[in-house]
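Letters A, B, ... are given to chains in the order of the sequence lines, protein chains preceding strands, and every chain is numbered from 1. Only this structure's heavy atoms are used, side chains among them; waters, hydrogens and symmetry mates stay out. Worth saying up front: this structure is predicted, and the values here are computed from it rather than measured.
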2 protein chains.
Amino acid sequence: MSRQTDRAMTPRLSRAGIVDAALDLVDRSGPAGLSMRALGNHLGVEAMSLYRHVHGKEDLLEGVVDLLTSELTEVMEREAEEHWQTFLQNVAHAVREIAITHPLAFPLIATRHPAAPWLRPPLRSIEAVDILLRVLLAHGFSDEQAVRAYRGFSSFLLGQLLLEAAVRGADVGGAGAASGTGEPSFSGQGEDDLDDAPQVRRLRPLLSEDHSKEEFETALEVLLDRLEAELSP
Amino acid sequence: MSRQTDRAMTPRLSRAGIVDAALDLVDRSGPAGLSMRALGNHLGVEAMSLYRHVHGKEDLLEGVVDLLTSELTEVMEREAEEHWQTFLQNVAHAVREIAITHPLAFPLIATRHPAAPWLRPPLRSIEAVDILLRVLLAHGFSDEQAVRAYRGFSSFLLGQLLLEAAVRGADVGGAGAASGTGEPSFSGQGEDDLDDAPQVRRLRPLLSEDHSKEEFETALEVLLDRLEAELSP
DNA sequence: ACCTGAACACCGTTCAAGT
DNA sequence: ACCTGAACACCGTTCAAGT
């Protein structure tokens, strides 16, 4: 039927291909839109076939998270020789890039239980954490300072980017809600509750402005300044 | 059969009771452990009966989040006359209390799409945001400063508490994994990968220490100081 | 070696029917 | 008025069977 080499059937499925397709599905319709059956369908195959290449849905999601963060580890390896401030800047921007290009998938990175208790999302691999600690230690951080910096850095990234991803994810499609059909122009279901919230009503334009880029940059600056101050008091 | 008043059957089910039970289930086994059928079972009733009192699972989860945050709004109302720094301190501690007592449920607050785009978790009600803005404005914050403070405050809470809840949630039961039976003493599946991560291995004791309380307090201090500096430059 | 059909134990949800 | 049985369209996962 289809073209194939003489002896062996080229396998139509592979773990990498399956994980790619899974990320694709999540990007389009969120984690709720990812089912083994929908994924099989998307790949032109029955759902059961996936189990040859992936240990189950849990493993599949793990694969998606790894795919998202693998790029990040590469950045970290590449930038490991930079000054620690430049390094953290570039890592932060790389994580933000992931959050922005995959707003519906980013919560997976944040929310799924990491393999070890001292792995703090969004840095989810031992390798990544090791590089980060190594860079800090190489620039004069004590053990305690390096660990504290790691903690502050991860908290900062998570808080900032989860909220930014939520806003962008809502634009893309949110929790799989159909948009366009249905209510004609009902711009949110808490619209009249604003009568009891005069400040929110008055400041609505300001509250709706998107300053995520600048906020991220200045919050990152603040964090780096604080780390530097703690480093050489 | 069972005791009842003369005329009317006292309804065995109510929205509040259902939502209470749902939170109970989530607290015990995480969001994955909450199904309409399991919840019905837990309440001694068929799953279909729940639909009289709750619009569906989505609405049920909304109810759980509201239940978790209702206490928070009360705190905010009670503390609205305090100085803005005291107010933010007390609100922050109230949110942390929720994260600590409901570590498996807290991600719901963080991750579920809020009703309006300018509602930033973990502050999920218009009322709560309005109180916060009002307090800040009453103490000399400009509109822009108040909105910026609101954004910084929510990012801080989310990053800090989501990570703290994740750690505590893993102890409680995590993603519904059975603990105790199974592998005898296999303390985590990335144990030998530590060969390639010398810093992580060396610093493992330090990385495993839990300083979430102090970190929360000092990060909160830093945030408040920054807001104060911005307020009167 | 790889994919599939059939099957099992679950989901959320609806609706006519019972009391 | 409130709860239920039966049913529908979905899930994840297993396993013997097909090619």
* Asked: Is there a donor-acceptor contact under 3.5 Å from the side chain of A:Asp130 to the main chain of B:Gln199?
  -> yes
Return the value, rounded to whole Å, for the distance between atom [atom1] of [X] and atom [atom2] of [N].
X: B:Met36; N: C:dT14; atom1: CE; atom2: C1'; answer: 12 Å
X: B:Asn41; N: D:dT4; atom1: CG; atom2: P; answer: 12 Å
X: B:Met48; N: D:dG5; atom1: CE; atom2: C1'; answer: 7 Å
X: B:Leu39; N: C:dT13; atom1: CG; atom2: P; answer: 12 Å
X: B:Leu34; N: C:dC11; atom1: CG; atom2: C1'; answer: 12 Å
X: A:Lys57; N: C:dC11; atom1: NZ; atom2: C1'; answer: 12 Å
X: B:Arg37; N: C:dC10; atom1: CZ; atom2: P; answer: 10 Å
X: A:Glu46; N: D:dT13; atom1: CD; atom2: P; answer: 17 Å

Please tell me if [X] has a side-chain N or O lying less than 4.0 Å from either OP1 or OP2 of [N].
X: A:His55; N: D:dT13; value: no
X: A:His53; N: C:dC2; value: no
X: A:Ser49; N: C:dT4; value: yes

* Indicate whether any N or O donor in one side chain lies under 3.5 Å from an N or O acceptor in the other, for B:Arg12 and B:Ser49. => no
* To do: Determine, for A:Arg151 against B:Glu209, whether the closest basic-nitrogen to carboxylate-oxygen distance falls under 4.0 angstrom.
  => no
* Between A:Arg96 and A:Glu164, is the closest basic N to carboxylate O distance under 4.0 Å? -> yes
* With rounding to the nearest 0.5 Å, note down the distance linking CG in B:Leu223 to CZ in B:Phe153. => 7.5 Å
* Asked: More 5' along DNA chain D: A:Ser35 or B:Leu50, using each one's nearest nucleotide?
  -> B:Leu50
* Find which nucleotide of DNA chain D each of A:Tyr51 and B:Arg52 is nearest to by heavy atoms, and output the residue with the more 5' nucleotide. => B:Arg52
* **For D:dC8, the Watson-Crick or wobble counterpart (both distances under 3.5 Å)** => C:dG12
* Return the nucleotide paired to C:dA1: Watson-Crick means purine N1 to pyrimidine N3 with N6-O4 or O6-N4, wobble means G-U with N1-O2 and O6-N3, both under 3.5 Å. => D:dT19
